[in-house]
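Chain letters run A, B, ... following the sequence lines, proteins first, then strands; residues in each count from 1. If you're wondering where the values come from, they're calculated on a predicted model, not measured in any experiment. Heavy-atom basis, side chains included; hydrogens, waters and symmetry copies ignored.
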Protein chains: 2
Amino acid sequence: MLQGRNIALVEDDEIMGASLTDRLELEGARVTWFKTFGRALGGLRTPLRPFDVVLCDIRLGDGSGEDLFLRLCDHGTPPPFLFMTGQATADQAVRLLRSGAADYLTKPFDMAALLARLGQIISPVSAVGSALVFGPSQAARALETQMVQIALSDGPVLILGETGTGKKAAARHIHGLSDRRAAPFVAVDLSRTDAAGQENLLFGADGALQRVQDGVLVIERIGDAATQVQARLVQTIWDSQTRGARIMVTDTDEPRLRAVLRPDLFYHLNMLVLTIPPLRQRPEDIGWMLARLFDGMNARRAESLKGISLPAEDLALRHDWPGNGRELRGRLARAMAIATGDMILPAELFPEKISEGEGEFSTLAEAREQAERFQIERALARTGGGVSEAAKLLQVSRTTLWEKMQKLGLSG
Amino acid sequence: MLQGRNIALVEDDEIMGASLTDRLELEGARVTWFKTFGRALGGLRTPLRPFDVVLCDIRLGDGSGEDLFLRLCDHGTPPPFLFMTGQATADQAVRLLRSGAADYLTKPFDMAALLARLGQIISPVSAVGSALVFGPSQAARALETQMVQIALSDGPVLILGETGTGKKAAARHIHGLSDRRAAPFVAVDLSRTDAAGQENLLFGADGALQRVQDGVLVIERIGDAATQVQARLVQTIWDSQTRGARIMVTDTDEPRLRAVLRPDLFYHLNMLVLTIPPLRQRPEDIGWMLARLFDGMNARRAESLKGISLPAEDLALRHDWPGNGRELRGRLARAMAIATGDMILPAELFPEKISEGEGEFSTLAEAREQAERFQIERALARTGGGVSEAAKLLQVSRTTLWEKMQKLGLSG
DNA sequence: GCAGAATGTTCGGATTTCCGAACACGGCGT
DNA sequence: ACGCCGTGTTCGGAAATCCGAACATTCTGC
């Protein structure tokens with residue numbers, strides 16, 4: 001899970017430090033262990049390579065982890081800090097979290113818990129290793145290697161995946177990895193026009209094939225290709241085996257293509273296939289995508305947000321994401337646009353789940369209470385705040401009205 | 001420091017609560033004190049005016065503050081929460097802060113410290129309110145997100161809402177959010193003419209459909225459409241699926257339309273529906289609308305007014321607003337025209353109320369009964385008449401529900 | 001500063017509401 | 001016929017609500 005990550009460990013206890021180092025290295029991380037405050041300050045200020053996260057004990061022989069963090073903040077932006085301490089106090093936890101620490105664990109803790117928290121924190125854009133495109137899940141990594149292989153070869157490519165899974169992004173990534181990367185990248189969407197439009201879009205005087213030269217031409221929704229367009233595409237692909245552009249096509253699923261495409265076209269396209277699984281089949285990637293997109297959008301904000309609240313992330317991980325990555329990006333963008341606090345709350349990511357939709361139905365007691373509140377307000381307004389008179393209007397005893405006002409919080 | 005801020009206090013300890021209330025009110029805040037979990041849940045879910053911050057004890061007799069916060073998150077976006085507790089644990093602090101709480105204090109604390117933290121939480125809030133259209137209430141925010149979604153899609157839209165709720169404004173806002181925003185926006189009101197007039201207004205040589213091109217055509221009071229106009233509208237909408245204008249229609253309520261429109265027309269329109277709740281169902285928005293309109297009108301005045309007096313605002317918050325936003329705008333305009341002092345007084349906003357206490361006023365029992373009847377009817381409608389299930393929805397025993405149905409005459 | 005009124009608050013008992021348990025009845029599938 | 005399920009109905013006790021009485025406190029007009 002922590003493959004290739006750089007982790008700094010600041011810990012003065014030999015036993016603790018050794019056991020943590022062991023375990024983290026077992027997970028594939030590269031651990032740098034600082035045993036004193038002084039060493040840590042130096043090592044973190046001018047790191048040999050950037051750390052993805054700092055695991056920091058608070059009580060050190062020659063200083064405190066808190067101090068370390070604050071000193072580093074004075075000189076720049078330190079990596080995310082995860083504090084661990086045996087003498088935990090709530091005040092300290094609050095102080096640290098509010099000054100930007102990523103997390104705070106009380107010793108003794110479960111190693112599994114630590115790893116889970118590390119996973120949430122670790123910066124999604126790793127400086128080393130292959131830059132992730134789809135995520136850290138097994139499936140996503142398999143995609144990466146497939147893309148590399150496809151980039152090394154040079155035939156037509158078929159990219160399959162539900163709406164919003166990032167088919168075009170995959171195409172662009174392959175293009176970037178290949179030796180055509182300097183050449184143009186052109187994408188056309190066949191579902192947007194009719195037969196004549198498609199033909200013009202692709203083969204016209206100013207069409208995609210003219211512009212793409214020896215770059216990559218991506219044809220989206222190939223399943224919508226009209227018959228005569230399919231015919232010309234077969235010819236084009238045949239030509240492109242020897243020279244010209246590389247053709248990539250995308251669509252949602254294979255059965256559809258098998259049914260709707262000319263057999264020979266389908267055969268040509270079916271050589272190099274990249275199938276992107278929907279987000280719901282690789283839930284490990286959801287948190288990662290959220291974090292990566294959040295960081296990106298947050299950087300472009302006037303006043304930056306602190307993060308995504310735990311309940312909100314929980315909901316996101318459980319959500320079905322029928323619109324996959326596109327939906328995720330959209331939801332996050334909207335949430336960040338309407339966010340009021342400094343964290344994104346569940347209702348901001350999933351407003352429709354909250355507001356009446358289907359879900360909640362207010363109980364009789366709630367409805368009654370609301371009605372009472374409202375009527376009492378009105379009565380008080382009419383009497384200008386006079387309780388006795390309002391009680392007369394409402395035809396209850398003054399005592400009862402007083403009691404209700406207490407209950408409903410209307411006596412302030 | 002806290003002048004005019006609304007603070008909710010959730011605290012079961014009498015002494016603590018009283019002293020906090022005193023001190024905060026001394027600072028100019030309006031404090032609403034909830035002494036139990038249950039009452040806080042009710043009061044915070046449907047607040048009379050939005051709270052700027054919630055000061056919340058964690059250990060309550062009938063629940064926990066943490067629970068309260070999470071429950072509120074399930075139903076919307078709660079105000080910033082500042083937790084206070086005597087039994088602080090670091091784990092709890094971390095969990096709460098990462099769930100979106102604004103701050104966490106351990107008792108006993110310095111009052112000065114509390115005020116400082118409150119100041120940090122509250123001060124940035126005043127900047128909110130730039131992008132809002134209908135107001136800051138939960139319901140209004142749900143509308144915003146719905147409008148965004150509608151703007152992203154492209155079918156006919158049905159906008160429902162009482163008179164004066166701002167249906168046309170909503171249509172214009174959707175138009176502004178959509179990619180047609182550069183195209184014309186044309187509105188026609190069907191209730192103003194007879195059948196021939198309607199036809200001419202819409203389809204005539206210089207009619208709305210001619211002028212609107214590929215923009216947005218708003219048809220107000222669609223329920224007044226004559227039969228032959230309805231027929232032509234079905235055709236128009238059918239055409240507009242592929243090209244031409246986007247149609248939006250407005251009316252007051254759905255049952256009316258269902259009864260008076262051709263079924264196929266109703267079906268076409270009923271795909272994208274935006275229902276604007278009346279102002280009285282979202283009282284939090286009243287203050288906001290007043291302030292916004294006041295600022296706007298004040299800027300256009302020769303000699304500017306200082307504001308709306310507190311009693312006047314109080315009255316406004318409690319008023320029923322049968323004419324919704326339009327009435328509010330009207331009253332405010334009149335008040336500003338006849339204002340003599342430098343603040344708007346209650347009598348200027350509600351001249352008729354001051355002169356004499358008008359008309360009937362329903363008692364608490366009546367209001368309660370009405371609310372119960374309404375809610376029971378809704379529950380029965382949802383369950384298709386199932387009494388047991390409805391009782392579960394309403395969270396009363398089957399016996400009680402039956403008893404109430406007898407009393408309210410709902411069993412026939 | 002004083003009388004009188006309105007409000008804040010408590011208390012005990014009358015009344016109402018609410019609930020669960022029970023029983024009868026009528027569909028409904030098998 | 002038979003369970004099975006939901007409904008209509010009654011009943012007794014537990015829990016709440018409501019009320020008036022009472023008293024302290026605060027406000028208000030004079």
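C:dC19 atom P lies 10 Å from atom CG of B:Leu401, rounded to whole Å. Spacing between atom CD of B:Glu369 and atom P of C:dT17 amounts to 10 Å, rounded to whole angstrom units. D:dC11 atom P lies 11 Å from atom CH2 of B:Trp402, rounded to whole Å. A straight line from CG of A:Leu393 to P of C:dA6 spans 14 Å, rounded to a whole angstrom. Rounding to whole angstrom units, CE of residue A:Met405 and P of C:dT10 are separated by 15 Å. Between the NZ atom of B:Lys392 and the P atom of C:dC19 there is a distance of 15 Å, rounded to whole Å. Whole-Å rounding puts the B:Leu364 CG to C:dT17 P distance at 14 Å.
Not counting sequence neighbours, B:Arg334 has no partner by the salt bridge (Lys or Arg N to Asp or Glu O under 4.0 Å) test. Partners of B:Arg329 according to the salt bridge (Lys or Arg N to Asp or Glu O under 4.0 Å) rule, which considers only residues two or more places apart in sequence or in another chain, do not exist here.
Across C:dT9, C:dT7, C:dC19, the shortest atom-to-atom separation from the side chain of A:Gln406 is found for C:dT9.
Distance alone, capped at 3.5 Å, places no donor-acceptor pair between the B:Arg368 side chain and the A:Arg368 backbone. A donor-acceptor pair under 3.5 Å is absent between the side-chain atoms of B:Asp57 and the main chain of B:Val10, judged by distance alone. In this structure, B:Asn6 contributes its side chain and B:Asp52 its backbone to no donor-acceptor pair below 3.5 Å. A donor-acceptor pair is defined here as one N or O able to donate and one able to accept, closer than 3.5 Å; such a pair exists between the side chain of B:Glu348 and the backbone of B:Leu345. In this structure a side-chain-to-backbone donor-acceptor pair under 3.5 Å is present from B:Asp13 to B:Ile15. Panel note: side chain A:Thr400, backbone A:Val396; no donor-acceptor pair is recorded below 3.5 Å.
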| For every nucleotide of nucleotides 24-30 of chain D, 5' to 3': is a protein heavy atom under 4.0 Å from its base (B), only from its sugar-phosphate (S), or from neither (-)? | -------
| remark: Letter by letter from the 5' end, nucleotides 22-28 of chain C scores (B base, S sugar-phosphate only, - none; protein heavy atoms under 4.0 Å) B------
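Ring planes of A:Trp321 and A:His319: perpendicular class, angle over 60° (limits at 30 and 60°).
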| request: Could you give me the CA-CA distance, side-chain angles and deciding distance for A:Leu364 and B:Ile376, then say whether side chain to side chain contact (heavy atoms under 4.5 Å, CB included) is met? | output: CA-CA 8 Å; A:Leu364 247 200; B:Ile376 291 176; 4.2 Å; yes
| request: Check the pair B:Met405, B:Leu380 against side chain to side chain contact (heavy atoms under 4.5 Å, CB included), reporting the backbone distance first and the verdict last. | output: CA-CA 11 Å; B:Met405 285 167 63; B:Leu380 285 173; 4.1 Å; yes
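Comparing the start and finish of the helix from C:dG1-D:dC30 to C:dT30-D:dA1, five pairs each, the helix axis swings through 50°, to the nearest 10 degrees.
A salt bridge is absent between B:Asp91 and B:Arg95: the closest approach of a Lys/Arg side-chain nitrogen to an acidic carboxylate oxygen does not fall below 4.0 angstrom. Under a 4.0 Å N-O distance rule, the pair A:Glu403/A:Lys407 does not qualify as a salt bridge.
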Collect all protein-nucleotide pairs involving nucleotides 13-17 of chain D in which both atoms are nitrogen or oxygen and the distance is under 3.5 Å.
| from | atom 1 | to | atom 2 | distance (Å) |
| --- | --- | --- | --- | --- |
| D:dT17 | OP2 | A:Lys407 | NZ | 3.2 |

